[in-house]
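Take a look at the structure set out below.
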Amino acid sequence: MKSPKGQGGWIGGSLMSVTASGHETESRARLPVGDLLLSAVAAVSWAFIAMAGVAALGLHLLEADTVASLGPMTAAVVALGAGGRVTPSGDVSAFGLKGAQADTSIDVWPLGVGLVGALVLGWFFLRSLRAAGVEVAPRELLARAGAVVALFVAMMGGLAWAGHDVITLNGSQLGLDEIPGAGKGIPEGIADKLPGGIGGLLPDRLSDLVKAKADVGFTVETVPSLLGGAGFVVGVLVIALLASRRSPLPRALAPLHRIVRPAASSLVAVLLMAVVAGLAAAVYAMVGDDHPKRIAGAALLGAPNGTWLGIPIGLFVPWDGKATGALAKLLPDPLDELLRVSADEPVTLGRLAELDGRVWLLGVAAAVMMLLAGVLAAARTPVVGGVWGFAGRCGLRLGGVTALALPLLVWLTDVSAGASLSVLGFDAFGAGIELHGRVGMALLLGVAWGVAAGVLGALLAYGTGAAGGRVAPLALAGAGAGAGAGAGAAPGAPGEAAGPYRPSQPYRPADPDTNPYLRSPYDGAAGAPTVASPVQPPRRRRRSGDTGWPAPPPPPPPPSPGGEDR
């Protein structure tokens, strides 16, 4: 018996789909080397272009290019922003006397430069994974990530070659003109502080020290910069994979779609919103200021430093630090005053509020930020089970993510900077900042804040119907079939009522035997033969009174008297 055309078409389509999937599997078995290299080159090159642009613009607005070449300084700042290390050093030579030297140490991460590079690098890397489909092979993921890491480290080596220069500063720029008695002889008593035999050389020539030249150089250290750059790019790729809800993962990591990614993406989103708020505050501060360009340059280079420093302080993470000299002015008020007055006690939100009551608003803002992260995580998490089970899962997941994120913020915003120019045995210019957060307390407070914000955010989202409303398709795949869904679950979530039918893409041509819209109106007449082809008959000339439709076929002959047609 001959199979109907519909069944034959289904069998043929199935064989075609099986063959196509086989070809797809075979093609996936071979790594796309060309696409892999091109995507790595695009990601790394655009990341360094973006970092160099932000660094150069920030340095120009700060007028740093008036004392040294902009190119080497840009290379050094980009290296710092990408996890490298820069070592400044210098020597002062005045009147042939020995013993004058300048010492400077910098351990500050310009997060404005690093954040721009991380965003560009992560976007290009995740975009290259979209072609893999729902899942990506583990070796393809490792190959793509490895190519990006290798090329990034090679570019860091180029920065180490280009990032060195010498800055020449006048004595007046270093504060030597502010020494009491400069140009008028040494005041009484200062000679007693100098080493023996030196005091007699200075009375007639102290004013000339103002004209002395200080050559301070900086160099990007090669090995620490390569290691730091490798750690930077690996960290960026890991965070990008954890925070992206629509990028494929290997099958073994599929549970991350619903367990980690909703909470991680929500926390990353609110941290970026905090940086935007910091930039807006810088724009507001520029209005009416005497030096708006300097504020803009400092914001480009260090807006994330300020905002991400305020978040741990607002969440009650204690800090230890001290500030001396002119560098203390770089800290926001009242932090600079607190570090100058008392450096023995830890910096906390309560101690800052004693100097300025408006600091309590920082704690309120940090708490609201965490609650917003909890609501976003609940909206992006599949709703499975009852309300309390759903809230508990959201709290535990956001608590685990925040336990890692808050110590990371403390480590990134760590500050250690010092500068001193010792001329002939006495300190002519000195400044320093030390600010270190307590990582252990940050981890414990991260767990507490994350769990509380996750539970409260899930209850708010569940009560307003927003829970599960922004679930990514990849998170729905493994949410567990058969479990009941709560109110506000996303359409198509496992366990909820059947939704609208979404047909798949057809894989065979249209057939008039199965599609009634391709048939003639007279095909349904009793006994009429079925049109087997969508090809229309040739049009004939219309006559008077003709309706334009073909004449109906003749009725079938009556059955024979014997009851059977012989």
Side-chain angles (χ1 to χ4, degrees), residues 111 115 263-285 287 299 302-321 331-339 345-380 391 394-395 397-399 401-410 412-413 415 435 437-439 441-464 466:
L111 294 179
L115 179 60
S265 62
S266 303
L267 193 58
V268 169
V270 297
L271 290 177
L272 294 179
M273 290 173 58
V275 175
V276 174
L279 292 174
V283 173
Y284 177 78
V287 179
N305 293 75
T307 55
W308 290 351
L309 172 64
I311 290 173
I313 292 178
L315 298 179
F316 304 106
V317 176
W319 292 70
D320 300 311
L331 296 174
D333 186 67
L335 182 58
D336 57 343
E337 181 180 354
L338 179 62
L339 291 179
E345 301 180 11
V347 177
T348 60
L349 186 65
R351 293 191 63 209
L352 290 173
E354 293 176 359
L355 300 176
D356 190 346
R358 295 173 297 178
V359 176
W360 287 116
L361 295 176
L362 179 62
V364 175
V368 171
M369 184 202 75
M370 289 301 304
L371 183 60
L372 178 59
V375 173
L376 287 177
R380 296 172 177 181
C394 290
R397 293 167 184 177
L398 185 60
V401 172
T402 312
L404 299 177
L406 198 57
L408 179 61
L409 291 183
V410 170
L412 289 176
T413 53
V415 177
L435 194 59
R438 300 183 181 179
V439 178
M441 286 298 299
L443 190 148
L444 296 178
L445 289 172
V447 173
W449 278 102
V451 171
V455 171
L456 291 178
L459 294 177
L460 286 175
Y462 199 96
T464 58

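Hydrogens, waters and symmetry mates play no part in the numbers below; they use all other heavy atoms, side chains included.
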Apply the test side-chain contact (heavy atoms from CB on, under 4.5 Å) to residues Leu272 and Val268: give CA-CA distance (whole Å), side-chain angles for both, the deciding distance (0.1 Å), then the verdict. CA-CA 6 Å; Leu272 294 179; Val268 169; 4.2 Å; yes
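- Evaluation of the side-chain hydrogen bond (donor to acceptor under 3.5 Å, both in side chains) test over residues 268-281, restricted to residues two or more places apart or in two chains, returns none.
- Of all the heavy atoms in Val375 and Ala461, the pair that sits closest is O-CB, 4.4 Å.
- Taking all atoms of both residues into account, the shortest heavy-atom contact from Ala403 to Pro407 is O-CD, 3.0 Å.
- Applying the salt bridge (charged side-chain N to carboxylate O under 4.0 Å, His left out) definition to pairs two or more places apart or across chains, none involves residues 305-317.
- Inter-residue side-chain proximity for Leu406 and Pro312 is flagged as met; some heavy-atom pair is nearer than 4.5 Å.
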Report all side-chain donor-acceptor pairs from residues 445-460 shorter than 3.5 Å, counting only partners two or more places apart or in another chain.
residue: Trp449; atom: NE1; partner: Leu315; partner atom: O; Å: 3.3

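- To the nearest 0.5 Å, atom CG of residue Leu398 and atom CG of residue Leu376 are 10.0 Å apart.
- Using a 4.5 Å cut-off on side-chain heavy atoms (C-beta onward), Trp319 and Leu309 make contact.
- Sorted by first and then second residue, the pairs that involve residues 356-375 and meet side-chain hydrogen bond (donor to acceptor under 3.5 Å, both in side chains), not counting sequence neighbours, are Asp356-Arg358.
- When atom types are taken as modelled, the side chain of Arg438 and the backbone of Val317 share no donor-acceptor pair closer than 3.5 angstrom.
- Nearest heavy atoms, Cys394 versus Ala378: SG-CA, 4.1 Å.
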Please lay out, stage by stage, how Asp320 and Val347 fare under the test side-chain contact (heavy atoms from CB on, under 4.5 Å). CA-CA 6 Å; Asp320 300 311; Val347 177; over 6 Å; no
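- Separation of atoms CG (Leu443) and CG (Leu404) is listed at 7.0 Å; rounding is to 0.5 Å.
- With sequence neighbours excluded, the residues that form a side chain to side chain contact (heavy atoms under 4.5 Å, CB included) with Val401 are Ala263, Ala264, Leu267.
- Of the inter-residue distances, the one linking Thr307 atom OG1 with Met369 atom CE reads 10.0 Å to the nearest 0.5 angstrom.
- Legend: residues meeting side chain to side chain donor-acceptor pair (under 3.5 Å) with Arg397, ordered by chain and number and at least two apart, are absent.
- The minimum heavy-atom distance between Ser266 and Ala373, with the atom names listed, is CB-O, 3.5 Å.
- The OG1 atom of Thr413 lies 9.5 Å from the CH2 atom of Trp308; values are rounded to the nearest 0.5 Å.
- Taking the side chain as every heavy atom from C-beta outward, Met370 and Thr402 approach each other to under 4.5 Å.
- The shortest distance between side-chain heavy atoms of Leu409 and Leu271 falls below 4.5 Å.
- In this structure, Leu372 and Met273 have side chains that are in contact, with non-hydrogen atoms separated by less than 4.5 Å.
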